[in-house]
Structure formats: structure tokens, C-alpha cells
Amino acid sequence: MITSKAITTLTLIVFAVYLPFSTEAKADSNKDSSPFLAELPIELHGFYELRAGYRTRKDKFQKDMSVMETRLQLDISSYLQQADLKFKGDLLGDMVTEQADFDLREAYIFTRPYDFMDLKIGRQILTWGTGDLIFINDLFPKDWQSFFIGRDPEYLKSPSDAVKVSLFSDWVNLDIVYTPQFDADRFITGERISYWNSNLSRLAGQDAIQHTNRPNRWFRDDEIAVRLYKNINNYEFALYGYRGYWKSPAGQNSSATQAIFPDLNVYGASVRGAVGKGIGNLEFGYYESDDDQGGKNGNINNSELRFLAGYTQEIGKDLTAGIQYYLEHMLDYGRHKDSLPFGLARDKNRHLVSWRLTKLLLNQNLRCSLFTYFSPSDKDLYLRPNINYKATDNLAVELGANIFFGDYPNTFFGQFRNNTNIYTALRYSF
Amino acid sequence: MSLTKTVIFIFAFSTFLFAANEANQPETKPAEPKPAVEQIPDVDEIVNKANIAAYYQGKDGRAKVNMKIVDKKGQTREREFTIIRKDVEDGGGQKYFLYFLRPADVRKMVYMVHKHTDKDDDRWLYLPALDLVKRIAATDKRTSFVGSDFLYEDVSGRSLQEDNHELIQTTEELFVVKNVPKQPDTVEFAYYNVSIDRKAYLPVKMEYYDRSNKLYRIIEAVKIEKIQEFPTVVKSVVSDLKTGSKTEMEFSDVKYDINIEDDMFTERYLRRPPREAIR
């Protein structure tokens with residue numbers, strides 16, 4: 001884990017930036033006695049949405065409704081002399097869980113204290129890396145549940161409570177993201193979507209909701225992610241590093257009562273740029289499962305190499321196609337397999353191919369897209385067809401589906417066969 | 001349907017689309033000889049000057065742009081964005097940003113272009129809700145720009161090397177230049193005529209003809225203002241005679257030579273544009 005030294009260094013950086021800055025702000029407010037808040041410019045936007053979806057296959061562990069909700073998103077931004085403030089939150093009436101909820105998506109302050117530095121502090125959505133709906137070096141939290149039940153793809157990203165320091169120079173740029181308390185994925189627990197439970201050796205859902213032991217101590221169970229990047233002739237090169245935890249449960253305790261988030265370090269690299277008539281990208285990452293270096297502990301994920309190659313091209317008028325190949329390669333497979341007392345071991349290599357087709361019609365007001373994941377090694381398939389029509393500048397209607405196939409019940413997409421669903425949504429943006 | 005069948009179907013479908021595109025190989029045509037006109041500048045000089053006046057005024061600039069798209073049924077859609085531009089070289093490469101303000105669902109999205117005259121442009125899109133920097137794989141410049149009747153090429157400028165130019169008419173106020181594409185199968189028009197104001201060298205009207213020699217699309221500069229010495233089209237209208245749709249584009253808060261740094265057109269400012277750019 002992060003040493004206390006690193007934390008001290010980071011805290012110092014934050015203070016060094018903030019100190020001159022906050023005194024300046026104070027001096028200003030002394031000069032000007034007008035009420036501070038009244039002067040604050042406020043921009044308010046957002047949307048109101050209705051979304052409904054049903055499972056097309058019977059799942060005895062779940063309700064037939066896959067999603068049934070009304071959502072009001074408020075997006076408030078404001079500007080101080082030296083900083084931008086942002087607040088974005090969703091009020092959600094969820095009829096599947098029969099709960100009202102508030103999801104604070106963003107609440108941060110952004111400043112540009114020096115020519116060479118940007119700083120973003122607070123709750124924020126973070127993304128980097130080159131994949132299209134496939135992530136290797138982006139270890140910021142994801143919300144797989146939202147993704148699979150048919151919410152807007154915006155909700156695949158769940159927020160981080162973090163400090164992002166960006167440093168810029170002529171020869172290289174550096175992003176450092178420090179998350180003082182581990183932010184896990186919003187992973188599949190069985191509450192909304194049934195999953196393969198290896199202890200029970202069967203599909204399980206609300207009858208066996210996963211209990212987890214999540215690292216949650218402030219400044220001790222923390223995460224740090226860095227990206228060093230440079231653009232050379234519009235080829236974007238990047239190196240990545242991460243120290244933290246597997247973002248979704250990646251093992252269980254020895255008594256098999258709780259799923260755990262073992263330590264994880266990731267080292268990776270990527271490049272993206274023009275290739276022929278399109279855009280190509282390559283990315284790779286070494287996942288070091290730090291709590292099981294030798295791969296002997298069957299209860300903890302193996303270390304892995306992950307690799308991605310992708311290519312996107314416009315193949316017709318307002319028609320774009322993208323294809324990706326993705327590999328997860330277990331590094332201590334033999335030992336992992338030997339350590340398993342029973343049950344189905346996964347393959348050493350998980351191959352995944354994805355392709356995306358997007359076509360715009362009716363003056364680009366109608367967007368038809370199909371995203372497909374297919375794993376020839378797992379023999380499973382996940383299709384995401386979606387049609388979105390902007391009836392007016394403010395009103396959009398949407399129809400889509402999440403379709404899962406699989407020859408085996410325990411593979412990544414195969415386990416979600418019974419979650420196959422179709423959904424529709426109406427959104428008014430303002 | 002079995003898994004294997006489904007996969008084969010989808011893959012075959014995608015492959016077919018790729019193959020269809022490969023067949024579209026352009027052919028080249030030799031340049032036509034240019035007619036010599038007395039007392040009148042060479043056609044190359046005219047189109048060069050007009051290109052600079054239309055797309056390269058000042059060394060950089062910014063403006064707020066409002067677009068109103070009205071279809072034949074009268075339904076209106078609006079777009080509002082700020083644009084910031086910097087020239088790499090007059091008549092050559094350019095870099096620009098579009099920061100969207102309206103409609104609400106694209107608000108704060110940022111579109112960045114590194115325009116090249118010798119190869120495909122590099123384009124990026126930043127989606128703030130996902131904090132995602134996307135590279136845009138778009139090579140067809142004759143597609144609609146943000147869903148309007150303007151095409152990408154109308155906004156970014158069409159390379160002069162792509163057409164053969166011929167001065168077909170000279171009046172007291174105007175030069176009329178006929179432009180015939182060197183690679184006709186890469187574009188939807190057979191040719192287009194540009195009327196260029198002789199004083200300001202600004203294109204004031206562009207008329208597009210299809211292969212049956214029928215006029216089907218007109219772009220007109222309806223309001224020109226002098227801003228910091230530079231005659232500027234502050235309002236233009238494109239009419240699509242085939243679909244009956246029209247788009248008005250209006251520029252406001254136009255400023256030239258504002259000394260934009262080169263490093264503004266990088267990922268840093270794509271993810272978060274400078275304030276002066278967006279308000």
C-alpha cells in the first residue's frame with residue numbers, strides 16, 4: 001500500500017498549491033465587502049428521465065422489472081475568481097428497489113493555480129485509457145449494475161472521491177489521482193442481477209447477496225493512480241501505474257463467507273493515433289495481484305497480463321465501425337488450478353472481441369448503435385443494441401436491450417443470461 | 001438462435017460494410033487549362049485570397065456561433081457554441097475548438113480539430129459526463145456538421161487542391177468561379193460556383209449543382225461586418241433545395257488576434273477549456 005511518506009508528499013503538494021491561493025482569495029474578499037454568495041454566478045442544468053425495462057427471460061431470483069425509475073439530475077456550476085465549482089446529483093425514485101435515493105455524481109472544485117498545473121478536488125468522474133467500453137489502465141470505479149440493466153452509459157462510470165493533480169510541461173505531462181479511501185466498483189451483488197456463485201456452484205441472486213469486506217480506512221486503504229503522457233504528432237503515448245485494490249471482489253476469505261478486494265498493482269502503457277483511414281489503439285497492463293504473488297492461493301485472483309488492440313473507421317455516410325481484441329492472460333495458471341479444491345476453473349486465457357456499429361440518420365437526430373462483446377474462449381456473447389431519437393432539442397426517446405448468451409453458466413457474460421432485458425426511456429434535458 | 005450463428009451473422013454483416021467501402025476508390029483527372037483574363041487577377045490568386053478571407057482572417061480568433069436549423073415542416077432546432085481558432089499557416093493547417101452551450105444534452109462537450117491540408121484532420125471529442133476523451137474516426141468531410149445543413153467542409157474549409165477552378169464571370173462587384181472536383185466520386189456535387197466580392201475577396205454565395213446540372217444547395221452570406229479591419233461574414237444561410245431544410249448561422253462577439261497560445265489545442269484544454277474561451 002501507499003506509504004505514509006507518499007501521503008505526506010501529496011498533502012504537501014496540495015498545501016503548497018493552496019496556501020498562496022487561499023490567502024489571495026481572502027485579501028480579495030476583505031477589499032470587497034459585498035456579500036460573497038450573491039455575486040456567485042450560478043448555472044443550472046440537468047434532465048428529467050423516465051426509464052422502464054423488463055427481463056425477457058424468467059429469473060427466479062429477481063423481479064421481472066430490470067429497471068423502473070424516474071430520475072432528476074441537477075447540474076449546478078459556478079465560478080469564483082480563481083476556481084470553478086461543480087455540483088451534480090441525481091434524485092432517483094427506484095421502483096425495483098422500492099427506494100428513493102440521492103446519487104451525488106460530482107462535487108468538486110477545479111483550479112488552475114499555475115501555468116503548469118491543474119487541480120481538481122472532490123467527488124469526480126475520472127476516465128483515461130484507450131479502450132471502448134473495455135478498461136485496462138482505467139482503474140476508476142465502474143457501475144456494472146447500471147450498465148447491464150440499461151441505464152445511460154454515463155452511469156457506467158461511478159464517482160471517485162479524490163484529488164487529481166495534473167502537471168504539464170513541454171516534454172511530458174503527468175496526472176496523479178489520489179483516492180484517500182478505496183472506491184470500489186458498483187459491482188454485481190445479486191441484488192438486481194443474478195450471478196454465478198462459485199460456493200453454491202449455481203446461479204444466485206437475491207437469495208445469496210454477496211457480502212463483502214471492503215477496505216475502508218481513510219488514508220490507509222487508499223489508492224493512487226498515475227498517468228504519464230505525451231502527444232507526438234498526434235500519436236498519444238501514455239504510461240500508467242496504479243496501487244490499490246481489485247475494484248470488484250477478486251477472491252474470498254478463507255471461511256468463504258465474505259468476498260474480498262485483494263491488493264492490486266497495475267503497470268501499463270498505451271498508444272492511440274491515426275492508422276490508415278481510421279484510429280488505432282494499443283493498450284497493455286500487468287495486473288500484479290499483490291496478496292497472491294505466487295498464485296498459490298485459490299481464493300485470490302491470479303496476476304494477469306491484459307492486452308487490447310482496437311481500430312475504428314468511418315465506413316459510410318454517418319456510419320462508424322469499431323473493432324477491438326482484448327486478452328486476459330493468467331500468469332500463474334498452473335498453481336491457481338492446483339490450488340482449487342473443486343469447482344470450475346476458468347481458462348488461462350480469456351479472449352474477447354468487441355465490435356461497434358453506429359449509424360446516424362434523420363439529420364443526426366436518430367442514432368442507431370450496436371455494441372457486441374464476444375468471447376470465443378468463454379463461448380459467451382453480450383449485445384447492446386440502442387436506438388436514440390431526439391424528437392426536439394430537449395426531448396429524447398430511447399429504446400435498447402441488453403442481450404446475453406452463453407454456453408456455460410459461470411463465464412463473465414454467460415452468468416447474466418437471465419438478465420437479458422429490453423428497456424425504453426424518455427429524457428427531457430434543460 | 002444459437003450463439004455461434006448469432007456471432008457469424010453479426011460478423012458477416014460488419015465485414016460486408018467494410019468491403020462496400022473499399023470499393024469506393026477515387027480516380028484522378030488531369031487539371032484543366034486556366035483561361036487567361038485581361039486586367040483581372042489569375043483565378044488561382046482569386047481563390048487563394050478568398051480562401052484566406054473566409055477562413056484565415058487574423059492569426060487567431062474567437063466567436064460565439066448560433067445556428068438555427070429549420071426543416072421543411074418548420075420544426076426548429078438550435079445549436080450554440082463558442083469557437084476558438086488559431087492558424088498554423090495562412091491557407092494551411094489550423095487548430096480549433098468548439099465548446100457547446102446548447103442544446104442542453106451536449107452542453108460542455110468540446111470538439112477539437114487539428115486541420116491539415118495534406119492529410120485527414122485529427123479530431124477529438126470530450127464527453128464531460130464520462131470524463132472521456134474520444135478520437136473521432138471521421139474522414140468524410142461532406143457529412144452534416146452537428147446535424148445542420150452545413151457540412152463539416154463548409155465550416156472547416158475545403159482544400160483548394162481538391163478542385164479545378166475556372167473564372168466564369170466577372171462583374172463590377174463579383175468574380176464567379178466554377179469549381180469542379182478532381183475526384184468527383186468523393187463528393188455529392190458535380191460542381192459549384194462561388195461568387196466572390198471583388199473588394200473584400202469574401203465568398204458571398206456558393207451554388208452547388210448535381211450531376212444533372214440542377215441547382216440543389218445554396219450558401220449565402222447575408223450579413224457582412226468589418227471587425228478589426230477584417231470583413232467578416234456574421235450571418236450566413238444554407239438552403240437545401242432538395243429537402244426544403246434551411247440553416248442560419250450567426251456569429252457574435254467576434255474577436256481576432258487575441259494571442260492564443262499554441263498549447264491551448266491539447267488534451268489539457270480539451271478536458272477543461274480556459275474560461276475566456278467559454279464565456
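Each chain gets a letter, A, B and so on, in the order its sequence line appears, and its residues count up from 1. The structure displayed is predicted, hence computed values, not measured ones.
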Taking Pro128(B)'s backbone N and O only, do any of them form a donor-acceptor pair with Lys108(B)'s side chain (distance below 3.5 Å, no angle check)?
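Flag not set: sc Lys108(B) to bb Pro128(B) has no pair under 3.5 Å.
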Checking heavy atoms, do the side chain of [X], its backbone, both or neither come under 4.5 Å from chain B?
| X | answer |
| --- | --- |
| Asp393(A) | both |
| Tyr155(A) | neither |
| Phe47(A) | neither |
| Ser166(A) | neither |
| Asp170(A) | neither |
| Asp118(A) | both |
| Lys88(A) | side chain |
| Pro153(A) | backbone |

State whether the number of non-hydrogen atoms from other residues, nucleotides or ligands found under 6.0 Å of [X] atom [atom1] is greater than 12.
| X | atom1 | answer |
| --- | --- | --- |
| Asp115(A) | CG | no |
| Lys317(A) | NZ | yes |
| Lys68(B) | NZ | no |
| Lys59(B) | NZ | yes |

Ionic contact status for Glu153(B) with Arg158(B), cut-off 4.0 Å:
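Salt bridge: yes.
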When only pairs under 4.5 Å are counted, which of [options] shares the most heavy-atom pairs with chain B?
| options | answer |
| --- | --- |
| Asp132(A), Asn394(A), Asp84(A) | Asp84(A) |
| Leu362(A), Asp318(A), Thr320(A), Asp152(A) | Asp318(A) |
| Gly129(A), Ser429(A), Pro376(A), Gly46(A) | Ser429(A) |
| Leu126(A), Asn173(A), Leu156(A), Thr312(A) | Leu126(A) |
| Asn234(A), Asn281(A), Ile279(A) | Asn234(A) |
| Arg105(A), Glu154(A), Lys157(A), Arg427(A) | Glu154(A) |

Of the listed residues (Lys134(B), Arg107(B), Arg142(B), Gln75(B)), which shares the most heavy-atom pairs with chain A below a 4.5 Å separation?
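The residue among Lys134(B), Arg107(B), Arg142(B), Gln75(B) with the greatest pair count is Arg107(B).
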Distance flag, aromatic centroids of Tyr48(A) and Tyr428(A), threshold under 6.0 Å:
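No, they do not, as the ring centres are separated by 6.0 Å or more.
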Using the benzene-type ring in the case of Trp, are the ring centres of Phe97(B) and Phe265(B) under 6.0 Å apart?
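When the ring centroids of Phe97(B) and Phe265(B) are compared, they turn out to be within the sub-6.0 Å range.
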Please state whether the rings of Phe237(A) and Tyr235(A) are parallel, tilted or perpendicular, taking 30° and 60° as the class boundaries.
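Phe237(A) vs Tyr235(A) ring planes: tilted.
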Are a donor atom and an acceptor atom from the side chains of Trp124(B) and Glu236(A) found within less than 3.5 Å of each other?
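Their side chains do contain a donor-acceptor pair, which is all the 3.5 Å distance test asks for.
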